[in-house]
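What follows is a single structure, written as C-alpha cells, with notes after it.
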Amino acid sequence: PSLSQAIFFIGAIPGTLGFGYISDRYGRIPTIVASNTLAMISGILTPFVSGTWSYMLLRFLMGSTFNMFFIAPYILTIEYVDESKRTLVGNLGLALILTISGVYQPWLIKYLGEWKSFSWIIFGQMGIVAAVPWVMPESGRWLVASGKTERAENIMRKIAKINKKQVSEETFASFRELCIIQTTDKDRSRELS
C-alpha cells in the first residue's frame, strides 16, 4: 500500500504541471474534461490489471489527475460566484458532496461485497464529465487573458440573464475596452521580454 500511495503522489507532480499547462493554454473546461476522463479510465481499468507494473502505471495516471479533477471545477465555480457567497458556495458544495459520498460508499461496498464492482461504479460516475462543456461556462478570466473577449462577453450576458440582472450596454462596452487594454498590455510585455 505505501508504494502504491507513493507512486500515486509522484504522479501528482507531473500531472499538476501538465494539467496546469493545459488549463493555461486551452482553458479550464478542457482541463476538467481531460483530468476527469483520465481518472475515470484509470479507475475503471484498475480492477482488470493483475501485474505490479501495470497497477503502478494506473496509480501513477490516477495520481496525475489528483490535483485537478476536482480543484479545477471548484476554482471555476468560485470564479463565477459573488465574493460574499464564495465561502458558502465553495465549502458547502464541496463539504456536502464529500459527506454524502463518505456516507454512502461504505454501505455500497458492503452491499457489493467486493472492491472491483465498487471501483467500476465509483469511477464510472465520472462519465458525467462529458456534460461539462454544455453546463459549465469557460472561465471568463481565462477567455479575457486569451484575447477571446467576445466569448467572455457572451458568457457574462448569459450569466446576467440567468440571474435576472439588467446589465447596461455601457457596462459591456467598458468590459470590452478593459479587455482590449489588457490584451494590448500583454502584447507589449511580450515584446519587451
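With rounding to the nearest 0.5 angstrom, the CD1 atom of Ile121 is 10.5 Å from the CD atom of Gln105. Separation of atoms CD1 (Ile71) and CG (Leu76) is listed at 13.5 Å; rounding is to 0.5 Å. Taking CD1 from Ile109 and OG from Ser119, the interatomic distance works out to 9.0 Å, rounded to the nearest 0.5 Å. In this structure, NZ in Lys148 is found 11.5 Å from OG in Ser139, a value given to the nearest 0.5 Å. Atoms CG and CD1, from Leu17 and Ile13 in turn, are 8.5 Å apart once rounded to the nearest 0.5 Å. We find the OG-OH distance between Ser146 and Tyr26 to be 11.5 Å, quoted to the nearest 0.5 Å.
If you check the side chains of Thr171 and Ser168, you find a donor sitting under 3.5 Å from an acceptor.
You'll find the side chain of Ile41 stays beyond 4.5 Å of the side chain of Ile44, heavy atoms only. A heavy-atom distance below 4.5 Å is not found between the side chains of Met156 and Val167. Taking 4.5 Å as the limit, some side-chain heavy atom of Met56 sits within range of a side-chain heavy atom of Leu3.
No continuous path of hydrophobic side-chain contacts links Phe175 to Ile162 [ILVMFWY only; heavy atoms under 4.5 Å]. When hydrophobic clusters are built by joining Ile, Leu, Val, Met, Phe, Trp and Tyr residues whose side-chain heavy atoms come closer than 4.5 Å, directly or via intermediates, Phe172 is not grouped with Leu178. A single hydrophobic cluster is seen to contain both Ile159 and Met136, as judged by linkage of ILVMFWY side chains at heavy-atom distances under 4.5 Å, directly or through other members. The same ILVMFWY cluster, assembled from side-chain heavy atoms under 4.5 Å apart, contains both Leu98 and Met62. In the hydrophobic cluster analysis, where Ile, Leu, Val, Met, Phe, Trp and Tyr join through side-chain heavy atoms closer than 4.5 angstrom, Met40 is grouped apart from Trp134.
Remark: the backbone N or O of Leu143 is not paired with any side-chain donor or acceptor of Glu138 at under 3.5 angstrom. Remark: side-chain polar atoms of Ser54 are paired, donor with acceptor, to backbone N or O of Gly51 under 3.5 angstrom. No side-chain donor-acceptor contact under 3.5 Å links Trp142 to the backbone of Arg28. Under the 3.5 Å distance criterion, the side-chain polar atoms of Thr16 are matched with a main-chain donor or acceptor of Ala12. In this structure, the side chain of Asn163 does not engage the main chain of Lys165 through any donor-acceptor pair within 3.5 Å.
Within 6.0 Å of CD on Glu150 lie no more than 12 heavy atoms contributed by other residues, nucleotides or ligands. Atom CD of Glu114 is surrounded by more than 12 heavy atoms from other residues, nucleotides or ligands within 6.0 Å. Applying the 6.0 Å contact sphere to CG of Leu108 captures more than 12 heavy atoms from other residues, nucleotides or ligands. Environment of CZ in Arg86: crowded, with over 12 heavy atoms of neighbouring residues, nucleotides or ligands closer than 6.0 Å.
Sorted by first then second residue, the ring pair (Phe, Tyr, Trp, His ring centres under 6.0 Å) pairs that include residues 51-94, not counting sequence neighbours, are Phe8-Phe66, Phe9-Phe66. For residues 30-52, no pair satisfies side-chain hydrogen bond (donor to acceptor under 3.5 Å, both in side chains), with sequence neighbours left out.
Under the 4.0 Å criterion applied to side-chain N and carboxylate O atoms, Lys158 and Glu153 are not assigned as salt-bridge partners.
When hydrophobic residues (I, L, V, M, F, W, Y) are linked wherever their side-chain heavy atoms come within less than 4.5 Å, the members clustered with Val89 are Val81.
Taking all atoms of both residues into account, the shortest heavy-atom contact from Ile29 to Pro137 is CD1-O, 3.8 Å. In this structure, Gly140 and Glu79 approach most closely via the heavy-atom pair N-OE2, 3.1 Å. When all heavy atoms are compared, the tightest approach of Thr65 to Ala39 is OG1-CB, 3.4 Å.
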How far apart are the C-alpha atoms of Thr149 and Arg176, what are their side-chain angles, what is the distance that settles it, and do they pass the side-chain hydrogen bond (donor to acceptor under 3.5 Å, both in side chains) test? CA-CA 7 Å; Thr149 306; Arg176 286 189 297 274; over 6 Å; no

After noting the C-alpha distance and the side-chain angles of Trp120 and Trp115, does the key distance pass the side-chain contact (heavy atoms from CB on, under 4.5 Å) rule? CA-CA 9 Å; Trp120 294 326; Trp115 72 274; over 6 Å; no

